[in-house]
Amino acid sequence: GRETVLRGDDSPNEEDRSLRPQSISEMVGQLEVRERLKVVVDAAVKRDEPLGHILFDGPPGLGKTTFATCIPKDLGVNFQLTSGPALQAPKDLVPYLTNADERSILFIDEIHRLPKAVEEYLYTAMEDFRIDIVLGEGTNARTINLQIKPFTLIGATTRSGMLTAPLRDRFPLREHLDFYTNEELAEIIRRNAAKLDVTIEDDASLEISQRSRGTPRVANNRLRWIRDYVTSKADGHITLDLAHDAMKMQEIDKLGLDNQDRKYLSTIIRVFGGGPAGLEAIAHTMNAAPETLADEVEPFLLRTELLVRTPRGRVVTTKALEHVQGFAR
Ligand code: ATP
């Protein structure tokens, strides 16, 4: 059926969509964030005004896009989506701004990657709902100042530190998303197992949650793999033993680290004597992109105290040494 069609598309976003909550009330965890959002959403509805601009930051896969897609659904308004790298010049942004209906949401993912000219162009759009557009070319060109509909900008970034102060200050609500607890992830896994038409034991969902790096997107990926595994090797019901076997086959360890995570730690240990080592040097040795390591690998290692950042570079902790050595044995 429909599931097959979605799974047939190998873009992770397509797959994610089938599991994505459709309303903020369907989201698990992030309680404080949800409550603050509810306040501003309720107030905007009662005052009959557009919602103030919102900025989400935090590591990938924690729900920034999910929040951004649920808010317009809850408000019953239109939604447009683009991203920092897709907006190379102000003219790329103009259609989104002129198409925006009153109170609709414009979502810009990776907003820290907006070129400076585009960022500055956003300022008056966000503040006064006005933009300058150039009509005609060459000596006939003239600039007109256009009033646009009051809209809400939702920005998402994995690097709030890379945002300029003037842009950051234009978001009245800024929310940081943090890693989820194992119980919250287990709840997401239980719900998504049902959506994926597979049954799962409670101890299995808890075990998967413990190996999902505090990240719903990782939990979803684990669950999909385990579903395939139990469909292929068993009767399609996920037990603790089968979940273990499936994750073992993917080389996901007790802490939820995968090959790339362990390779990162073992590179620092083997090549840099445990550190301090610079991100660029580590990335170069691993033949990986520094941004990928900084965004997708390091946050969880830092949070679980396997890694520390010092002014002189990254250093692995005793816990990481023991973990990596234990794994090698
Ligand atoms: P990126 O920055 O890469 O866009 P993200 O932080 O926006 O990442 P999402 O794409 O929103 O992450 O989340 C990934 C998936 O995790 C979603 O499709 C959804 O299935 C699940 N998910 C995220 N947050 C929640 C939540 N609070 N409750 C239930 N499921 C969630």
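Along the sequence shown, the residues carry numbers beginning at 1.
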Checklist entry - Between H112 and D57, is a side chain to side chain donor-acceptor pair (under 3.5 Å) present by the stated rule, with each step listed? => result CA-CA 10 Å; H112 60 280; D57 83 81; over 6 Å; no
Next on the checklist: Ignoring hydrogens, what is the shortest heavy-atom contact between L242 and A234? Give both atom names and the distance.
Outcome noted: CD1-CB, 3.8 Å
Checklist outcome for this item: Sorted by chain and number, sequence neighbours left out, salt bridge (charged side-chain N to carboxylate O under 4.0 Å, His left out) with R168 holds for none
Checklist entry - Is a donor on one side and an acceptor on the other found under 3.5 Å between the side chain of N99 and the backbone of P95? => result yes
Checklist entry - Distance only, no hydrogens: is a donor on one side chain within 3.5 Å (strictly under) of an acceptor on the other, for S104 and Q80? => result no
Item to check | Donor-acceptor under 3.5 Å (Y96 side chain, L106 main chain) | outcome: no
Checklist entry - Which other residues belong to the hydrophobic cluster containing V315, where Ile, Leu, Val, Met, Phe, Trp and Tyr are joined when side-chain heavy atoms lie under 4.5 Å apart, directly or via other members? => result V308
Checklist entry - Taking C-beta and beyond as the side chain, do L153 and I54 meet within less than 4.5 Å on heavy atoms? => result no
Item to check | pair L257-L301: side-chain heavy atoms closer than 4.5 Å | outcome: yes
Next on the checklist: Please give me the minimum heavy-atom distance between V118 and A89, naming the atom from each residue.
Outcome noted: CG2-C, 3.5 Å
Checklist entry - Can you say whether the rings of F56 and F67 are parallel (under 30°), tilted (30 to 60°) or perpendicular (over 60°)? => result parallel
Checklist entry - For R20 and T69, what are the C-alpha separation, side-chain angles and deciding distance, and is it a side chain to side chain contact (heavy atoms under 4.5 Å, CB included)? => result CA-CA 9 Å; R20 188 163 273 159; T69 54; 3.6 Å; yes
Checklist entry - When rounded to the nearest 0.5 angstrom, what is the spacing between CD1 in I131 and CD1 in I148? => result 5.0 Å
Item to check | R190 with D202: basic N within carboxylate O range, under 4.0 Å | outcome: yes
Checklist entry - What do the steps show when you test K233 against D245 for salt bridge (Lys or Arg N to Asp or Glu O under 4.0 Å), and what is the final call? => result CA-CA 10 Å; K233 304 242 181 203; D245 294 347; over 6 Å; no
Checklist entry - Do other residues, nucleotides or ligands put more than 12 heavy atoms under 6.0 Å from the CD atom of Q147? => result yes
Next on the checklist: As a test of understanding, state which of N192, T215, L196, I189 forms a side chain to side chain contact (heavy atoms under 4.5 Å, CB included) with N220.
Outcome noted: N192
Checklist entry - Do side-chain atoms of D128 reach the backbone of R130 as a donor and acceptor pair under 3.5 angstrom? => result no
Checklist entry - What's the spacing between L223 CG and K195 NZ if we round to 0.5 Å? => result 11.5 Å
Checklist entry - When hydrophobic residues are tied together by side-chain contacts of less than 4.5 Å, even through go-betweens, does L240 share a cluster with L185? => result no
Checklist entry - Between R213 and D261, is there a salt bridge with N-O shorter than 4.0 Å? => result yes
Checklist entry - D74 side chain to I24 main-chain N or O, any donor-acceptor pair under 3.5 Å? => result yes
Checklist entry - Hey, is R113 close enough to E110 for a salt bridge, meaning N to O under 4.0 Å? => result yes
Next on the checklist: Membership question, hydrophobic clusters at under 4.5 Å side-chain separation (ILVMFWY): are I105 and L37 in the same one?
Outcome noted: yes
Item to check | ILVMFWY network linking V28 to L206, side-chain heavy atoms under 4.5 angstrom | outcome: no
Checklist entry - When you measure from the side chain of K73 to the backbone N and O of Q22, does any donor-acceptor pair fall under 3.5 Å? => result no
Checklist entry - Run the side chain to side chain contact (heavy atoms under 4.5 Å, CB included) check on M247 and E207 step by step: do they pass? => result CA-CA 10 Å; M247 288 191 284; E207 181 67 18; 4.2 Å; yes
Next on the checklist: Looking only at side-chain N and O atoms, does Q250 offer a donor or acceptor that is under 3.5 Å from a partner on Y229?
Outcome noted: no
Next on the checklist: If you apply the rule side chain to side chain contact (heavy atoms under 4.5 Å, CB included), what do you find for I111 with L167, and how did you get there?
Outcome noted: CA-CA 10 Å; I111 197 164; L167 182 57; 4.2 Å; yes
Checklist entry - Hey, is the main chain of P59 close enough, under 3.5 Å, to the side chain of K64 for a donor-acceptor pair? => result yes
Next on the checklist: For H284, I'd like to know if atom NE2 has over 12 heavy atoms of other residues, nucleotides or ligands within 6.0 Å.
Outcome noted: no
Next on the checklist: I'd like to know whether the aromatic ring centres of H53 and F151 sit less than 6.0 Å apart in this structure.
Outcome noted: yes
Checklist entry - Does E49 pair with R103 as a salt bridge, N-O distance under 4.0 Å? => result no
Checklist entry - Checking S23 side chain against S25 main chain: does a donor-acceptor pair fall under 3.5 Å? => result yes
Checklist outcome for this item: In terms of heavy-atom contacts, C70 and P21 come closest through SG-O, 3.2 Å
Checklist entry - Taking atom CD of E26 as the centre, does the number of heavy atoms from other residues, nucleotides or ligands within less than 6.0 Å exceed 12? => result yes
Checklist entry - For the residue pair R170 and E127, what are the closest heavy atoms and their distance? => result NE-OE2, 2.6 Å
Checklist entry - Among the clusters formed by ILVMFWY side chains lying less than 4.5 Å apart, do I282 and L306 turn up in the same one? => result yes
Next on the checklist: Between E183 (side chain only) and S209 (backbone N and O only), is there a donor and an acceptor less than 3.5 Å apart?
Outcome noted: no
Item to check | Pair E251, N259: side-chain N/O donor-acceptor within cut-off below 3.5 Å | outcome: yes
Item to check | Name of the residue among T124, T143, N145 meeting side-chain hydrogen bond (donor to acceptor under 3.5 Å, both in side chains) with D132 | outcome: N145
Item to check | Heavy-atom donor-acceptor pair, R312 side chain to A277 backbone, under 3.5 Å | outcome: no
Checklist entry - When clusters are formed by joining ILVMFWY residues with side-chain heavy atoms under 4.5 Å apart, either directly or through shared neighbours, do V218 and I238 land in the same one? => result no
Item to check | Stepwise salt bridge (Lys or Arg N to Asp or Glu O under 4.0 Å) test for E32 and R36 | outcome: CA-CA 6 Å; E32 290 83 6; R36 281 190 293 266; over 6 Å; no
Next on the checklist: Can you tell whether the side chains of E187 and R191 come within less than 4.0 Å, N to carboxylate O?
Outcome noted: yes
Next on the checklist: When you measure from the side chain of R222 to the backbone of G256, do you find a donor-acceptor pair of N or O atoms at a distance under 3.5 Å?
Outcome noted: yes
Checklist outcome for this item: Heavy-atom closest pair (P72 atom, F79 atom, distance to 0.1 Å) is CG-CD1, 3.5 Å
Next on the checklist: Quick check: closest heavy atoms across L87 and P115, and the distance to 0.1 Å?
Outcome noted: O-CD, 3.0 Å
Item to check | Candidate pair V45 and L75, rule side chain to side chain contact (heavy atoms under 4.5 Å, CB included), full reasoning | outcome: CA-CA 8 Å; V45 169; L75 282 169; 3.7 Å; yes
Item to check | Salt bridge present between R159 and D295 (N-O < 4.0 angstrom) | outcome: yes
Checklist entry - Salt bridge or not for D197 and R227, using N-O below 4.0 Å? => result no
